[in-house]
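The block underneath contains the structure these notes are about, expressed in structure tokens.
In what follows, chains carry the letters A, B, and so on, assigned in the order in which the sequence lines appear, proteins first and then strands, with residues in each chain numbered from 1. Owing to the predicted nature of the structure, the values given are computational and were not obtained by experimental measurement.
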Protein chains: 2
Amino acid sequence: MATPQRRTVRDVRKGNRAMLLRTLYFDGPASRNDLTALTGLSAATVSTMTGDLLSDSIIVEAGQVDSDGGRPRVLLRVNPRYGYAIGVDVAETHVRVELFDLGMTELARVEYALRPARHDVELIARHILAGIDVVLADAGIPSEQVLGVGVGVPGIVESGADALIHAKTFGWDGVPMGSLLRAGTSLPLFVDNGAKTMGQAELWFGSGRGAGSAVIVLIGSGVGAMVITDGVTLRGVSRSAGEWGHIKVVVGGRSCRCGGQGCLEAYIGAEAILARAGVETRTSGWQEALAQLLTSGSPVVEETVTYLGVGLANLINLVNPERIVIGGWAGLLLGERLLPDIRRAAGDNSLAQPFAATSIVLGRLGPDAVALGAATLVLEQFLTSTPAARIPAAG
Amino acid sequence: MATPQRRTVRDVRKGNRAMLLRTLYFDGPASRNDLTALTGLSAATVSTMTGDLLSDSIIVEAGQVDSDGGRPRVLLRVNPRYGYAIGVDVAETHVRVELFDLGMTELARVEYALRPARHDVELIARHILAGIDVVLADAGIPSEQVLGVGVGVPGIVESGADALIHAKTFGWDGVPMGSLLRAGTSLPLFVDNGAKTMGQAELWFGSGRGAGSAVIVLIGSGVGAMVITDGVTLRGVSRSAGEWGHIKVVVGGRSCRCGGQGCLEAYIGAEAILARAGVETRTSGWQEALAQLLTSGSPVVEETVTYLGVGLANLINLVNPERIVIGGWAGLLLGERLLPDIRRAAGDNSLAQPFAATSIVLGRLGPDAVALGAATLVLEQFLTSTPAARIPAAG
DNA sequence: GATCTTTTTTCGAAACTTAGATTATCTTCT
DNA sequence: AGAAGATAATCTAAGTTTCGAAAAAAGATC
């Protein structure tokens, strides 16, 4: 019952323009004529609106297409060079900065290694700021053309200008990444949990594409989920929704690094799986170890499938989504070999009705999609808040 | 990424009119002047819009209020007699039909007893249709003035015109309640799960009021939940979202009547609690038995609190709501005595961040609110789809 | 009764979409 | 080669809607 927003006649324009742009981005290239059909707007409106967008060079012409004996259609598409988005992946071992054009083609990247147990916020912030300069210089893009910077970080990210981060593994508690970066750059910032940015990538460009309501499940060392209904992500009142990894599946069960007991993460998190199987967990080589374990026929694998199935079933019962996408490096590893078993386990533990309505699929994007997803936050902003004309660089 | 809807300038009007009406309903009576502040619309717009609504007699004047030396404000409010809503509660033992005006004041009711194990759909449909006639005759309201009929039924309700119902306890599987009723009346119908209509009542008129995002948890013999974000209820792709009772909290745990194992309902459902305590469950007298058990100091009570806490914690972690409302007859019974313990148990099993953002409160409406909530579905429709002027009865 | 104060209505302007007419551009038939 | 036909895109006029400002309404105060 939040106070609804008043609408004025200009919001109509804004909304329609955003819709047109979004349509063109995902279904483009398309002719003006196609757009009238796709958007439901009248030909006149499409014409004036595309005119505006063309003169702002947000969209460009993309060749012609013959019609059976009439004026040929001229195709339009979003100008990938209208602006650029930067995505940053802050992980345990590295900080990676990538530069994308609006078509999400990678133009440049740079990576800084982090020494383990040396996660100084200010150092990382310096890496990010330096990385931004480097990728821009590499690609020869002036910073005025960058629409924003998305940053994927570990832990819980609180909303607000400061983007306070709580990440136990990094020893961060209330670290103001937002204000630290804002001190060094004036570019618009979008900070979110790295798993969630990866999910964002999967949702927009991977297996989640086209689903009206979906849950993207992310399994790595940690475990999380994104719930999307009608295209919008469930964020929760303090933006920490989706902590799927810490729902309890066994009351009084295994201890979890969050301090609780019986968390799902304590059974299906990569670290937890290996620990349960008694595999020596060297700090590196987890991926290999897990891959090896999966082929070993260990009973732990079967157990893991059951727990994962239960976790998915809980989502199915509670959210009743159209699609569940399994992602994260450990999730992909598990899914590759065991997807049918996982599906069965989920079915065994959920109600028939909602289970029948849900398809469980594997993510298509690798675990490297964190930066891509972070950049997608910028893209999302660009597509929804209808952009005005670029102010040309003074001079 | 569902196809977004085009907007035309008339949608603006519709939206603003709906917003104004909603504001007036919840914050009324209010003067035109107050409304400009509350809605953010200009005085001019409020004036023309209230003019329309007044001449349609959707709203009426409600006295004046002096101002410090100026023209006195005339107060406006929604006309409670503009139309009427009927709410129906289909339960194990009875079918109850209630008539409300738009202010949700009950004007008439009628109840039909059901013999246990005699849940013939057609009989129940006949009871409902007869009940509608009876309450209308009692209150002297012509049926043209009824805006719709809301029906709360057990089990899972599938969307669509037929309103297919799956209710194991009634032995219903795919019962087309919607089309059965539509054969006997031309009034608009809204069919939903009874627990959900009760939640709807709690959300609109009980403890959920004013919360932007909330979860309403319903514990009776069965267990369910409604998740509300930004004022809209999460329904899921096949409208069966919110099956909180069948999330698994103990892998391989107690058998549930759904056929699964370790369901939450198998621990905190009223029937399950009594069974675990070894209380003889006569078909009647459950409420008394449960109330007695709660005072008995049985260890089962403490266990129940723990399981309930886990269930709530899972919601908190996953959804991160602003408020959780505990309802349902068993939920109210538990909460009355044990709310602090329940809160503690929820806190013990959820992450600190989201837990701190959530307040856990007790429902205010009794278990009789099913029919009220069903009628609220009609009210919701009335307030959101801006109603046109009533076509006066021919004559 | 004149003046002040506050509320409500009226009026013209600006923004937006639409339907229908018009112009542009290419194909095909004679 | 030129006219006719067909399809695409633009232009024009009309109809909504909200908004700001000014005017009108209605009572309080001196």
[X], nearest nucleotide to its side chain (from [options]):
X: A/Arg32; options: D/dT10, C/dT17, D/dT18; result: D/dT10
X: A/Arg10; options: C/dA15, D/dC19, C/dT7; result: C/dA15
X: A/Asn33; options: C/dC26, C/dT8, D/dA8; result: D/dA8
X: B/Ser47; options: C/dT9, D/dT10, D/dT18; result: C/dT9

For this session: Provide, to the nearest angstrom, the distance between the CG atom belonging to B/Asn16 and the P atom belonging to C/dA15.
Result: 18 Å
For this session: Measure the distance from CE on B/Met49 to P on D/dT16 and round it to the nearest whole Å.
Result: 17 Å
Exercise. Nearest nucleotide by nearest heavy atom, which residue falls closer to the 5' end of DNA chain D, A/Ser31 or A/Thr8?
Worked result: A/Ser31
Seminar exercise, completed: When A/Val9 and A/Leu75 are each assigned the nearest nucleotide of DNA chain D, the 5'-most assignment goes to A/Leu75
For this session: Looking at every strand, decide which applies to B/Val12 at a 4.0 Å heavy-atom threshold: base, sugar-phosphate, or nothing.
Result: sugar-phosphate
For this session: Check every strand shown and say whether B/Val74 touches a base, only sugar-phosphate, or nothing at a heavy-atom separation below 4.0 Å.
Result: sugar-phosphate
Exercise. After noting the C-alpha distance and the side-chain angles of A/Leu379 and A/Phe100, does the key distance pass the side chain to side chain contact (heavy atoms under 4.5 Å, CB included) rule?
Worked result: CA-CA 10 Å; A/Leu379 177 66; A/Phe100 300 91; over 6 Å; no
For this session: In sequence, state the C-alpha distance, the side-chain angles, and the governing distance for A/Leu99 and A/Leu136, and then conclude on side chain to side chain contact (heavy atoms under 4.5 Å, CB included).
Result: CA-CA 7 Å; A/Leu99 175 68; A/Leu136 289 179; 4.0 Å; yes
Exercise. Would you say the side-chain atoms of A/Thr8 and A/Asp11 include a donor-acceptor pair closer than 3.5 Å?
Worked result: no
For this session: Encode nucleotides 19-24 of chain C as B, S and - characters from 5' to 3', where the letter depends on protein heavy atoms closer than 4.0 Å: B to the base, S only to sugar-phosphate, - to neither.
Result: B----B
Exercise. Knowing that exactly one of B/Leu38, B/Ile59, B/Leu76, B/Leu35 qualifies, which makes a side-chain contact (heavy atoms from CB on, under 4.5 Å) with B/Leu20?
Worked result: B/Leu35
